[in-house]
Each structure stands twice: as C-alpha cells, then as structure tokens.
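Just so we're clear, the structure is a prediction, and the values are computed from it rather than from any experiment.
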Amino acid sequence: MFLRVTAQDVPDFDPRGKRRSSAHAHQLVIDHVEALIRRGSLRRGDRLPGERQLAEMFGVSRASVREAVRSLRAIGVLAERTTAGPGSGAALASGPSDALTSMLRLHIALSNFTETEVVRTRLMVEQWAVREAAALASPEDIQRLEAVLDEMDRPGIDYAQFNALDSTFHTGIALTCENRLLGCLAGALRDAVERHRLEAMQARGPWDQVAANLRAQHREILTFIAAGRPEAAAEALHHHLRYMHPTIVSTLNR
C-alpha cells in the first residue's frame with residue numbers, strides 16, 4: 001500500500017509552509033511516522049510518500065527528510081531497500097529486524113540497570129520460555145538446538161566462540177515459543193550483561209571444566225524440553241543461571 005499524506009494528517013502542520021529548525025525538522029518526520037504506525041494507518045510493507053512530498057507536507061527540507069529516513073532505517077523501522085518506480089518511497093520493514101534486538105540491548109545498557117536487575121529479569125523471561133518450549137517445540141526445533149550444542153562440543157573452542165553459540169542456544173529456545181518479540185527480548189537481556197557473563201565464566205575455574213559444566217547444563221535443559229517437562233526444564237535453567245550468577249540467582253525462588 002502507498003500512504004498518501006495530507007495536511008490534515010499532520011498534527012502540527014504549518015499551512016504557511018514555514019520551515020522548522022533543522023535541529024528538529026527530521027524529528028518531526030520521525031514522530032509523525034511513529035504516530036501513523038501506532039494508530040494503524042501505516043502497516044508493515046507499506047510505502048511512505050516520496051521525499052519531495054514529505055518535505056512539502058512537513059515544511060522541512062529534503063535533507064531533513066533524508067536524515068529521518070536514515071534514522072528510521074537504522075533502527076529497523078524501514079527496509080534497507082527503497083521501492084522503485086513513479087512515486088516511490090521508503091518501505092516499512094515487513095518483518096522483525098536484528099536492529100530491534102540491538103536497540104533494546106542499547107537502551108537496557110544506557111538506562112544503567114544493574115546486573116542484578118537484568119539477570120533477574122532474564123531468569124523470569126527464560127523460565128517462561130523454557131516452559132513454553134517444552135509444550136511447543138517441534139522435532140525440528142529440537143534438532144536445531146541440538147546442532148548448536150554439538151557445535152559447542154568442538155575441541156579447542158574458546159570463550160568467544162562458546163559464548164556466541166551460547167547466545168544462539170538461549171535465543172533459539174525463546175524462538176520456539178512462536179513469539180518473535182520474546183526472542184528479541186531474551187537476546188537483548190542476555191547480551192546486556194555479556195561482559196559480566198564472560199567475567200563469570202573466567203572466574204569459575206579452568207576453562208575446560210567450566211565448559212564441561214555448561215555443556216552438561218545446556219544438555220539437561222534441552223533434554224527436559226524435548227521430553228515435554230516444563231517444570232523440570234525451568235528448574236534446570238534456574239540451576240544454570242545460578243551457576244553463572246550465584247550471588248544473584250541463589251536468593252530467588254524457583
């Protein structure tokens with residue numbers, strides 16, 4: 001669908017065509033696009049009007065429109081490619097983007113939440129996820145998660161490689177719940193404390209032993225998911241996070 005914007009659609013449209021300050025002009029475009037999305041006038045896959053029409057409607061320069069489009073594209077609201085043809089405009093993303101996880105991760109970090117707050121929230125989210133996964137995971141989901149754990153068994157794997165696969169495994173569990181937003185949230189929460197997690201891995205002792213313990217914990221979680229045992233899977237996850245964050249998780253109820 002191609003969105004047609006009129007003056008009446010713009011809450012603070014200046015009929016005199018007075019241009020806004022360049023410092024705020026691009027934000028006006030972003031705010032209006034956000035308002036259209038929230039009220040359902042813009043949906044995924046829809047196209048924005050062309051650069052010239054947007055500039056005229058908002059009384060801003062085309063450079064400000066381009067800046068707004070770049071910002072919306074950077075946070076995953078607009079697709080990477082611009083549609084071609086007469087009246088072409090940037091298209092809204094048709095699916096979830098890695099930019100959403102990045103944005104959540106950055107906001108969590110910038111808001112100065114403590115490690116305790118993030119880990120406890122992660123525990124609540126992931127315990128819910130493993131319970132749901134135990135009820136919903138398909139044989140293909142289980143095979144996909146097993147393949148990740150098999151990669152983690154490779155001899156000589158280092159902290160960084162292991163950590164990347166660890167993220168894939170935990171986010172993969174959340175994605176089996178048929179809830180993509182949950183997957184984005186779980187990934188952002190986990191990545192927000194990455195530095196603390198790496199420090200904890202190194203502080204647990206010799207890497208070979210730590211890796212063996214983590215592998216066993218991951219296998220236990222997946223075994224209970226595959227067996228359709230939600231409470232056992234949640235308990236196994238609690239044990240896993242308590243191993244990584246003993247002073248935070250040990251005080252929480254299961």
Side-chain angles (χ1 to χ4, degrees), residues 76 95-105 107-108 113 115-154 157 161-194 196-198 200-201 204 210-246 248-254:
S97 168
D98 289 341
L100 174 58
T101 300
S102 298
M103 183 174 63
L104 287 171
R105 181 172 60 242
H107 276 288
I108 290 170
F113 295 114
E115 181 189 4
T116 297
E117 290 172 313
V118 177
V119 170
R120 290 186 174 189
T121 303
R122 181 190 166 196
L123 177 63
M124 289 186 287
V125 169
E126 291 201 26
Q127 281 194 309
W128 185 89
V130 296
R131 288 187 177 102
E132 288 291 295
L136 297 172
S138 67
E140 292 74 22
D141 290 328
I142 301 301
Q143 289 176 3
R144 175 170 47 82
L145 292 170
E146 284 179 341
V148 176
L149 297 187
D150 289 342
E151 280 292 303
M152 296 172 79
D153 288 340
R154 284 189 290 107
I157 190 169
Q161 294 168 329
F162 192 97
N163 183 61
L165 290 166
D166 190 299
S167 293
T168 300
F169 175 72
H170 283 276
T171 304
I173 291 173
L175 292 173
T176 68
C177 301
E178 301 175 3
N179 187 326
R180 292 170 296 175
L181 179 57
L182 180 68
C184 291
L185 178 58
L189 287 168
R190 190 182 183 287
D191 291 347
V193 291
E194 181 175 11
H196 299 288
R197 188 173 61 255
L198 288 172
M201 289 168 66
R204 296 302 297 178
V210 172
N213 291 338
L214 293 174
R215 289 180 181 113
Q217 292 163 18
H218 289 144
R219 292 284 179 186
E220 183 179 40
I221 293 169
L222 185 56
T223 295
F224 288 132
I225 290 174
R229 298 178 58 186
E231 294 309 316
E235 173 65 22
L237 178 74
H238 186 281
H239 172 71
H240 172 56
L241 290 186
R242 187 173 62 213
Y243 176 79
M244 293 300 300
H245 308 278
I248 297 175
V249 179
S250 61
T251 61
L252 298 179
N253 293 326
R254 290 169 175 76

Notebook entry, point to check: Atom NE2 in His218, atom NE2 in His240: separation rounded to 0.5 Å?
Noted result: 3.5 Å
Note to self: Is the shortest side-chain heavy-atom distance between Trp128 and Leu237 below 4.5 Å?
What the structure shows: no
Item checked: Thr223: partners by side-chain contact (heavy atoms from CB on, under 4.5 Å), with sequence neighbours left out -> none
Next item on the list: Starting at CD1 of Ile248, measure out to CZ of Arg122 and round the result to the nearest 0.5 Å.
Entry: 11.0 Å
Note to self: A side-chain contact here means heavy atoms from C-beta on lying under 4.5 Å apart; do Val119 and Met244 qualify?
What the structure shows: no
Notebook entry, point to check: Just how far is it from atom CG of Leu222 to atom CD of Glu146, taken to the nearest 0.5 Å?
Noted result: 5.5 Å
Margin query: Holding to side-chain contact (heavy atoms from CB on, under 4.5 Å), I want the full list of residues that pass it with Ala211, two or more places apart in sequence or in another chain.
Written below: Phe162, Trp207, Arg215
Next item on the list: Mind listing the closest non-hydrogen atom pair of Leu145 and Phe169 along with its distance?
Entry: CD2-O, 3.7 Å
Notebook entry, point to check: Looking at CG of Leu189 and CZ of Arg120, how far apart are the two atoms once the value is rounded to the nearest 0.5 Å?
Noted result: 14.5 Å
Margin query: Restricting to non-hydrogen atoms, name the atom on Ala236 and the atom on Ile221 that form the minimum distance, rounded to 0.1 Å.
Written below: CB-CG1, 3.8 Å
Note to self: Could you report the tightest heavy-atom contact between Gly183 and Ala174, atom names first, then the distance?
What the structure shows: CA-CB, 3.8 Å
Notebook entry, point to check: Between Asp166 and His170, what is the shortest heavy-atom contact and its length?
Noted result: OD1-CD2, 2.9 Å
Next item on the list: Could you grab the distance from atom CD1 of Ile173 to atom CD1 of Ile142, nearest 0.5 Å is fine?
Entry: 8.5 Å
Check: Can you name the closest pair of heavy atoms from Cys177 and Leu136 and give their distance?
Finding: O-CD1, 3.7 Å
Next item on the list: Starting at CG of Leu241, measure out to CZ of Arg190 and round the result to the nearest 0.5 Å.
Entry: 9.5 Å
Note to self: Can you give me the closest heavy-atom contact between Met152 and Ile157, atom names plus distance?
What the structure shows: O-CG2, 3.9 Å
Give every donor-acceptor pair under 3.5 Å between a side-chain atom in residues 224-234 and any protein atom, sequence neighbours left out.
from: Glu231; atom 1: OE1; to: Arg131; atom 2: NE; distance (Å): 3.3
from: Glu231; atom 1: OE1; to: Arg131; atom 2: NH2; distance (Å): 3.3
from: Glu231; atom 1: OE2; to: Arg131; atom 2: NE; distance (Å): 3.0

Check: Has the side chain of Asp141 got a donor or acceptor atom that lies under 3.5 Å from a matching backbone atom of Ser138?
Finding: yes
